[in-house]
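Okay, structure first, notes after.
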Amino acid sequence: MRFITIICLFACFLFANEKVLKDSLGKVNVDFSEKAYEVKGIHKKLNLKCNDCHLEAQEKDYSSAMLNSCIKCHGDYSKLAEYTAGYGHNNNVHQSPHYDKLDCDNCHKTHKPSVNMCARCHSQEILKNLKVK
């Protein structure tokens, strides 16, 4: 009985450390190919591949939190804040008083539609009408 318990605990330990990704229907995703996660928009036009942005060694370990990859091409937050300064001090989405360095994927999505995170709380017309690419 003790042997079976040890084997069960060992098996639980092995599978508990596996990264499990589920889709919106709760189905476990095991396909991490470009077919399953198509590159879209400007990244597709530039013919970028998954590993141009995802720095993890294996596809199954890819993360959406890629701030360092994004700023490599797009510049740091101060540069982005200059680019979007035309919105005005209180409306500059890249100079948020809430987050110092928010991961880009909170708004900008490569594999699904982007999200206007500011408009979830703020009602200013300029922020509500902001088109996130």
Side-chain angles (χ1 to χ4, degrees):
M1 182 68 167
R2 180 184 259 192
F3 179 73
I4 292 173
T5 303
I6 291 171
I7 295 298
C8 288
L9 288 172
F10 182 71
C12 288
F13 173 77
L14 283 178
F15 293 112
N17 288 324
E18 274 299 304
K19 183 175 179 179
V20 176
L21 230 86
K22 294 184 179 180
D23 65 17
S24 59
L25 302 174
K27 182 180 172 190
V28 174
N29 182 16
V30 293
D31 183 4
F32 300 99
S33 68
E34 285 186 49
K35 181 181 177 189
Y37 291 95
E38 181 183 0
V39 177
K40 298 178 181 178
I42 189 66
H43 296 110
K44 182 175 184 168
K45 288 179 184 175
L46 292 171
N47 202 29
L48 294 179
K49 300 294 178 211
C50 300
N51 60 0
D52 289 321
C53 298
H54 293 283
L55 305 177
E56 297 83 3
Q58 294 188 21
E59 290 177 345
K60 70 178 184 64
D61 296 327
Y62 283 176
S63 169
S64 63
M66 304 183 312
L67 178 62
N68 290 332
S69 293
C70 297
I71 63 176
K72 179 175 62 175
C73 294
H74 297 279
D76 63 14
Y77 260 91
S78 61
K79 181 124 175 127
L80 290 169
E82 285 177 30
Y83 181 72
T84 55
Y87 295 134
H89 174 71
N90 291 327
N91 299 321
N92 192 336
V93 296
H94 292 111
Q95 195 172 26
S96 170
H98 311 299
Y99 309 102
D100 183 32
K101 291 183 180 171
L102 186 66
D103 278 328
C104 304
D105 76 305
N106 283 284
C107 299
H108 305 279
K109 312 287 183 186
T110 299
H111 306 295
K112 53 188 172 183
S114 292
V115 177
N116 182 348
M117 189 172 156
C118 298
R120 291 179 179 172
C121 300
H122 293 276
S123 60
Q124 296 102 314
E125 285 299 314
I126 195 165
L127 291 178
K128 288 193 314 190
N129 296 325
L130 185 66
K131 303 292 184 223
V132 182
K133 296 180 179 181

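In what follows, every heavy atom counts, from backbone to side chain, and hydrogens, waters and symmetry copies are set aside.
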Checklist outcome for this item: K72 and L55 have their tightest heavy-atom pair at NZ-CD2, 4.5 Å
Item to check | K49 and V39, any side-chain heavy atoms less than 4.5 Å apart | outcome: no
Checklist entry - Between atom CG of L80 and atom NE2 of H74, what is the distance when rounded to the nearest 0.5 Å? => result 8.0 Å
Checklist entry - Out of curiosity, C73 SG to L48 CG, how far, rounded to the nearest 0.5 Å? => result 7.0 Å
Next on the checklist: Tell me every residue that passes ring pair (Phe, Tyr, Trp, His ring centres under 6.0 Å) with H54, counting only those two or more places apart in sequence or in another chain.
Outcome noted: Y62
Checklist entry - Residues two or more places apart in sequence or in another chain: which of them pass ring pair (Phe, Tyr, Trp, His ring centres under 6.0 Å) with H111? => result Y37
Checklist entry - Taking atom OG of S114 and atom CG of N106, what is their separation to the nearest 0.5 Å? => result 11.5 Å
Checklist entry - How are the rings of H94 and H108 set relative to one another: parallel (under 30°), tilted (30 to 60°) or perpendicular (over 60°)? => result parallel
Next on the checklist: A quick test of your reading: do over 12 heavy atoms of other residues, nucleotides or ligands sit less than 6.0 Å from NZ of K44?
Outcome noted: no
Item to check | Atom pair CD (Q95) and CD (E82), whose distance is rounded to the nearest 0.5 Å | outcome: 10.0 Å
Next on the checklist: The test is side chain to side chain contact (heavy atoms under 4.5 Å, CB included); show your working for R120 and V115 and say whether it passes.
Outcome noted: CA-CA 9 Å; R120 291 179 179 172; V115 177; 3.1 Å; yes
Checklist entry - Nearest heavy-atom pair of T110 and K40: which atoms, and what distance? => result O-CB, 3.6 Å
Checklist entry - Under 3.5 Å, is there a donor-acceptor pair between the side chain of D76 and the main chain of S78? => result yes
